[in-house]
There are 2 protein chains.
Amino acid sequence: MTTNTDARDQLIDLAADFYDQFAAGEIPEMELPTRTKSNIEYDEESGVWTYGDRTSVRSANSVNGARKLLKAAYTIEFLAEQLDEDRSSTLRELYYLSESWDNDEAQFSSQDESNDLVEDLEIVTGATREDFHMRPEESGAKVMGPLRLREQTNRGDRDIHCQLDVGQGGYQIPNNPDTIEFLENDAEFVLCVETGGMRDRLVENGFDEAYDALIVHLGGQPARATRRLTKRFHDELDLPVVVFTDGDPWSYRIYGSVAYGSIKSAHLSKYLATPEARFIGIQPADIVEYDLPSDPLSDSDVNALESELEDPRFQTDYWEEQIELQLEVGKKSEQQSLASRGLDFVTETYLPERLEEMGVA
Amino acid sequence: MTTNTDARDQLIDLAADFYDQFAAGEIPEMELPTRTKSNIEYDEESGVWTYGDRTSVRSANSVNGARKLLKAAYTIEFLAEQLDEDRSSTLRELYYLSESWDNDEAQFSSQDESNDLVEDLEIVTGATREDFHMRPEESGAKVMGPLRLREQTNRGDRDIHCQLDVGQGGYQIPNNPDTIEFLENDAEFVLCVETGGMRDRLVENGFDEAYDALIVHLGGQPARATRRLTKRFHDELDLPVVVFTDGDPWSYRIYGSVAYGSIKSAHLSKYLATPEARFIGIQPADIVEYDLPSDPLSDSDVNALESELEDPRFQTDYWEEQIELQLEVGKKSEQQSLASRGLDFVTETYLPERLEEMGVA
């Protein structure tokens, strides 16, 4: 976690670079890694995919390029002030706020433009959006399990036990989970769950109590805050992480975003991704073994599976075997289809068997 | 709120009706209100829109009809058992669970079918899905404000103050907010907010503290739990409710679902809708008055506005004036566009002015 002062200094340094280039009679420019699929590489050391060596240059040698750097300068000024005042804002507010800037040329013409610029600033400074105090639109999901934490809010610290001090809905992950300090925990592992219905089933059946699991609700494609907190559970509490989703190619991507990061945010993989996270199911092998209610794969499912076979993040023996099996049987199943064996099958049979197989619990 | 025993008895009564019809040599049938737009009426007494007098009959006089009643009988048995055991399940689990029933004819062929059946049972018994302990897939949103409540969870009671005992993310509304008891509150009004970005802005700026507001995050189209809790705040704590959304036709529908209920769930309006809820903005008049950053109305926006002019729920002088103004200026604006006047404009100027105009605070 970068402090307000660090992030602010990194931004100011960047503005100082522009200034120095001007002073030296050079055309100001900013160098960035090329952000395409062909420029992501596996980083052996950290086990995540990050940008490679190819770079692109944003230069003021065209009107368009000069305007981009002008916008960067205005944004840096706004962010530095925001950090000074210990405030925060959303990406969308930044976009609208640019209308109040005194130079019309500095106004963003679309929100994509301001979003992209903030990502550029993350990459160039090595800080994160959260360090700049930019909040996401989507909120993080919720946690239930044997953990007492302290959240630093702008109204003071709050000590919360994620079973004893929360309702059935659990502890709501704040936008920036780096404001959380872990106080005490009895957890054995982290179980990330895709759907709300399954999360509620596990909580109703007391799975977090019986297995000392931290149940993290992903809620579809997980927000950055959810992925960051999951990574912190793994790294700081030394807990194994397993991911439980539907058994279809779109859900494997949800697993992928927890474990490997995404191409769009490859510069943040070391901050957001948990490469040690393992997939617990629904596996194609489970659809066959438990004869789960299923739907036939659609054409777009088949295309997505084939594209995963080509995706470097899925090129392991495990995933090749599972994806090929799924293409062969032509079926997909949802997590909740386990209910066809009764409402307790998932907590009394399926998860315990899988966790034992995986050597987790 | 219906107790487990009440809901169970109502279901059993329905099954008993089928039995009696059989015993009397009649073909069993079930009568339901016709669920179309043409059969919803304004209920003067409660101020909400409910189903009118037209009814349809589900009769076992065809194979298809007989199969529907068979499925109803199996579902009633499952729900009665669930209530006996004080457990709960999701609609999706019910669908999958039907695969385990001993009669193949009773299995649902799609989830739409099981969802519709549960709605039918709500209508016929006068109980709600929550009374049957059917959980939704979507979870409720979150609350921040001066309220201490007691939530009855399946692990015991939890006393929670929705400012002092929660993190920045607030109190997570449980699936069934009828498990909540209100202990103490200093709230003056309820402010329902559409987007997460705006909710976070209000919380960061301490609006709930400064104005003693209960800030309820709607998160787009609000879940039943969120609407139910809002209604309880109004009815039981006697608090005015205002709804703050983007300024476009889709957001007016969000307001409408809080205030008037939906056609699909008109049988639940008395349970879910808060007809006294008022719209605070973004009003078309605000787009003009504050010269907010806006986007042009698309064709589908125009169509949606025109269809709202025809919708009985929007046939008030206020809405006709606002919608006609919007069609005239041809613009829509998001809540967060208020940031073009600075990050504090919404909490220091816009909301205080509107609340005073409306006589709320």
Side-chain angles (χ1 to χ4, degrees), chain A residues 82 87-100 135-140 142 149 151-155 158 160 163-176 179-180 195-201 203-204 206 209 217 219 292-293 334 336-343, chain B residues 82 87-100 135-140 142 149 151-155 158 160 163-176 179-180 195-201 203-204 206 209 217 219 292-293 334 336-343:
Chain A
Q82 165 162 296
R87 300 197 62 184
S88 64
S89 55
T90 65
L91 290 168
R92 202 180 293 269
E93 284 176 325
L94 170 63
Y95 162 63
Y96 284 120
L97 202 69
S98 73
E99 298 233 356
S100 68
R135 289 186 261 104
E137 294 298 320
E138 9 83 90
S139 34
K142 47 205 191 182
L149 55 79
E151 184 188 326
Q152 193 187 333
T153 79
N154 67 357
R155 304 163 184 206
R158 299 281 186 268
I160 298 169
Q163 282 168 333
L164 305 176
D165 299 331
V166 297
Q168 200 87 3
Y171 167 70
Q172 173 72 40
I173 303 174
N175 288 315
N176 183 358
T179 57
I180 295 174
T195 65
M198 181 53 79
R199 180 261 175 211
D200 292 340
R201 164 62 46 219
V203 169
E204 175 173 321
E209 297 179 315
H217 176 218
L292 297 177
E334 297 184 343
Q336 291 192 67
S337 71
L338 292 165
S340 65
R341 302 291 196 95
L343 295 179
Chain B
Q82 165 162 295
R87 301 197 62 182
S88 64
S89 55
T90 66
L91 290 168
R92 203 182 291 272
E93 285 177 325
L94 169 63
Y95 161 63
Y96 284 121
L97 202 69
S98 74
E99 298 232 357
S100 68
R135 289 188 262 104
E137 293 299 320
E138 10 84 270
S139 33
K142 48 207 190 182
L149 55 78
E151 183 187 326
Q152 192 187 333
T153 79
N154 67 356
R155 301 163 186 207
R158 299 280 186 269
I160 298 170
Q163 281 167 334
L164 305 175
D165 299 331
V166 297
Q168 200 85 6
Y171 168 69
Q172 172 73 41
I173 303 174
N175 288 315
N176 183 357
T179 57
I180 295 174
T195 66
M198 180 54 80
R199 180 260 174 212
D200 292 340
R201 163 63 46 220
V203 170
E204 174 173 321
E209 297 179 315
H217 177 217
L292 296 177
E334 297 185 341
Q336 291 193 66
S337 71
L338 293 164
S340 65
R341 302 290 196 96
L343 295 179

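Lettering of chains follows the sequences in order, A, B, ..., and the numbering in each one begins at 1. Hydrogens, waters and symmetry mates play no part in the numbers below; they use all other heavy atoms, side chains included.
Across all their heavy atoms, A:Thr179 and A:Pro174 have their closest contact at OG1-CG, 4.1 Å.
With a 4.5 angstrom heavy-atom cutoff, A:Arg87 touches chain B via backbone and side-chain atoms both. For B:Ile160, the part sitting under 4.5 Å from any heavy atom of chain A is the side chain, from C-beta outward, and nothing else. The parts of A:Asn154 that come within reach of chain B are both its backbone and its side chain, each placing non-hydrogen atoms under 4.5 angstrom from that chain. Proximity to chain B is limited to the side chain of A:Arg135, based on heavy atoms less than 4.5 angstrom apart. Heavy atoms of A:Leu164 lying under 4.5 Å from chain B belong to its backbone as well as its side chain. Using a 4.5 Å cut-off between heavy atoms, B:Val203 touches chain A through backbone and side chain atoms alike.
Counting heavy-atom pairs closer than 4.5 Å to chain A, the top residue among B:Thr195, B:Val166, B:Ile173, B:Asp165 is B:Val166. Among the candidates B:Arg341, B:Glu99, B:Glu93, B:His217, the residue making the largest number of heavy-atom pairs closer than 4.5 Å to chain A is B:Glu93. Counting heavy-atom pairs under 4.5 Å between each of A:Asn175, A:Leu91, A:Leu94, A:Leu149 and chain B puts A:Asn175 at the top. Across B:Pro293, B:Gly170, B:Ser100, the residue that shares the most heavy-atom pairs under 4.5 angstrom with chain A is B:Pro293. With chain B as the partner, the residue from A:Glu204, A:Gln172, A:Met198, A:Gln163 showing the most heavy-atom pairs under 4.5 Å is A:Glu204. Chosen from B:Gly196, B:Gly197, B:Gly342, the residue pairing most often with chain A at heavy-atom distances under 4.5 Å is B:Gly197.
Residues B:Arg199 and B:Lys142 have side chains in contact (heavy-atom distance under 4.5 Å, counting atoms from C-beta outward).
Distance check, rounded to the nearest 0.5 Å: CG of B:Leu343 to CG of B:Leu338 gives 11.0 Å. For the atom pair B:Arg158 CZ and B:Thr153 OG1, the distance stands at 4.5 Å (nearest 0.5 Å). Here the OG atom belonging to A:Ser340 is positioned 8.5 Å from the OH atom belonging to B:Tyr96, to the nearest 0.5 angstrom.
Ion pairing between a basic and an acidic side chain is recognised when a charged N comes within 4.0 Å of a carboxylate O; B:Glu209 and A:Arg155 show such pairing.
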| message | Using side chain to side chain donor-acceptor pair (under 3.5 Å), reason through B:Gln336 and A:Tyr95 one step at a time and then give a plain yes or no. | response | CA-CA 9 Å; B:Gln336 291 193 66; A:Tyr95 162 63; over 6 Å; no
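Using modelled atom types and a 3.5 Å distance limit, the side chains of A:Ser88 and A:Gln82 yield no donor-acceptor pair.
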